[in-house]
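Values reported hereafter were calculated over all heavy atoms of this structure, with side chains retained and with hydrogens, waters and symmetry mates removed. We count residues from 1, following the sequence as given. Computed from a predicted model, the values in this text were never measured in an experiment.
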Amino acid sequence: KIKKMLFLKEVYIALVVALGFGCTPFLEVEDKWAFGDIKLYLAPLFFINVANLILFSLFDKDADERTETLSIAHFYNKRTLQTIVAISLLASITYALILWFGSHISPLALLVLLLMQLTLMCICLVPSYFGEQDRYRFYGDLIYVYPLIALPFL
């Protein structure tokens, strides 16, 4: 039971990735106060990463059990994990909309976040398709390319 409560590999990795994505560009801004509270900017990225990592754990459950690799999928059933993914994506959408309605991000940045979230929703809702030939890996990794495509227009 203690392992179940303490094992948060996916959450820690999501935090590190969100910090990398969110704080690296922030370091180049001279007026750090212009961003206000950076946590608000990191929140959509954090929840996108949580959803993506849990989806990977869900699809890799059998392989992880064979290699005795601990993941969140080892402790929770498929339905619970899908619920956590859905809640994470809803939280990400909520934070993205808060940023957009507060005029803190551009419409293009909102679009990128929504495309990332939509891709993960599709993976979660259609696991039979994305489970074949490890499609979930391709599309789960593809979400990190969306910001690169938008970068020239930001």
Rounded at 0.5 Å granularity, tell me how far [atom1] in [X] sits from [atom2] in [Y].
X: Leu58; Y: Tyr76; atom1: CG; atom2: OH; value: 14.0 Å
X: Ile72; Y: Ile54; atom1: CD1; atom2: CD1; value: 4.5 Å
X: Leu115; Y: Ile143; atom1: CG; atom2: CD1; value: 11.0 Å
X: Thr119; Y: Leu114; atom1: OG1; atom2: CG; value: 10.5 Å

Are [Y] and [X] connected into the same hydrophobic cluster when the rule is that any two of I, L, V, M, F, W, Y join if their side-chain heavy atoms are below 4.5 Å apart?
X: Met116; Y: Ile87; answer: no
X: Val145; Y: Leu45; answer: yes
X: Val126; Y: Tyr139; answer: yes
X: Leu108; Y: Phe101; answer: yes
X: Phe138; Y: Val85; answer: yes

Does the side chain of [Y] come within less than 4.5 Å of [X]'s, by heavy atoms?
X: Asp134; Y: Tyr136; answer: yes
X: Leu89; Y: Leu118; answer: no
X: Asn52; Y: Tyr144; answer: yes
X: Leu113; Y: Ile93; answer: no
X: Leu99; Y: Leu40; answer: yes
X: Leu19; Y: Leu42; answer: yes
X: Pro127; Y: Lys78; answer: yes
X: Leu120; Y: Ile123; answer: yes

Look at the rings of Phe47 and Tyr95 and say which category their plane angle falls in: under 30° parallel, 30 to 60° tilted, over 60° perpendicular.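 Plane angle under 30°, so parallel.
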Which atom names give the shortest non-hydrogen contact between [X] and [Y], and what distance separates them?
X: Ala14; Y: Leu53; value: N-CD1, 3.5 Å
X: Asn49; Y: Ala18; value: ND2-N, 3.6 Å
X: Ala96; Y: Ile105; value: O-CD1, 3.8 Å

Decide yes or no on side chain to side chain contact (heavy atoms under 4.5 Å, CB included) for Phe56 and Asp141, but give the supporting numbers first. CA-CA 10 Å; Phe56 271 59; Asp141 289 341; 3.7 Å; yes
Let's go through Phe46 and Val11 carefully: what are the C-alpha distance in whole Å and the side-chain angles of both, what is the deciding distance for side chain to side chain contact (heavy atoms under 4.5 Å, CB included) to 0.1 Å, and is it a yes or a no? CA-CA 8 Å; Phe46 171 74; Val11 173; 3.9 Å; yes
Distance under 6.0 Å and angle within 45° of the ring axis: does Arg135 meet both against Tyr129?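 Output yes; distance and angle both within limits.
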Under the side chain to side chain donor-acceptor pair (under 3.5 Å) rule, collect the residues that match up with Gln117, sequence neighbours excluded.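 With neighbours one apart ignored, the set is Ser92.
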Report yes or no: does Glu10 contribute a side-chain atom to a donor-acceptor pair with the main-chain N or O of Ser57 at less than 3.5 Å?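 Not a single qualifying donor-acceptor pair exists.
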Does Asn77 reach the main-chain N or O of Thr80 with its side chain, forming a donor-acceptor pair under 3.5 Å?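 Yes.
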Where do Leu55 and Phe130 land on the side chain to side chain contact (heavy atoms under 4.5 Å, CB included) test, with the steps shown first? CA-CA 10 Å; Leu55 283 170; Phe130 290 98; over 6 Å; no
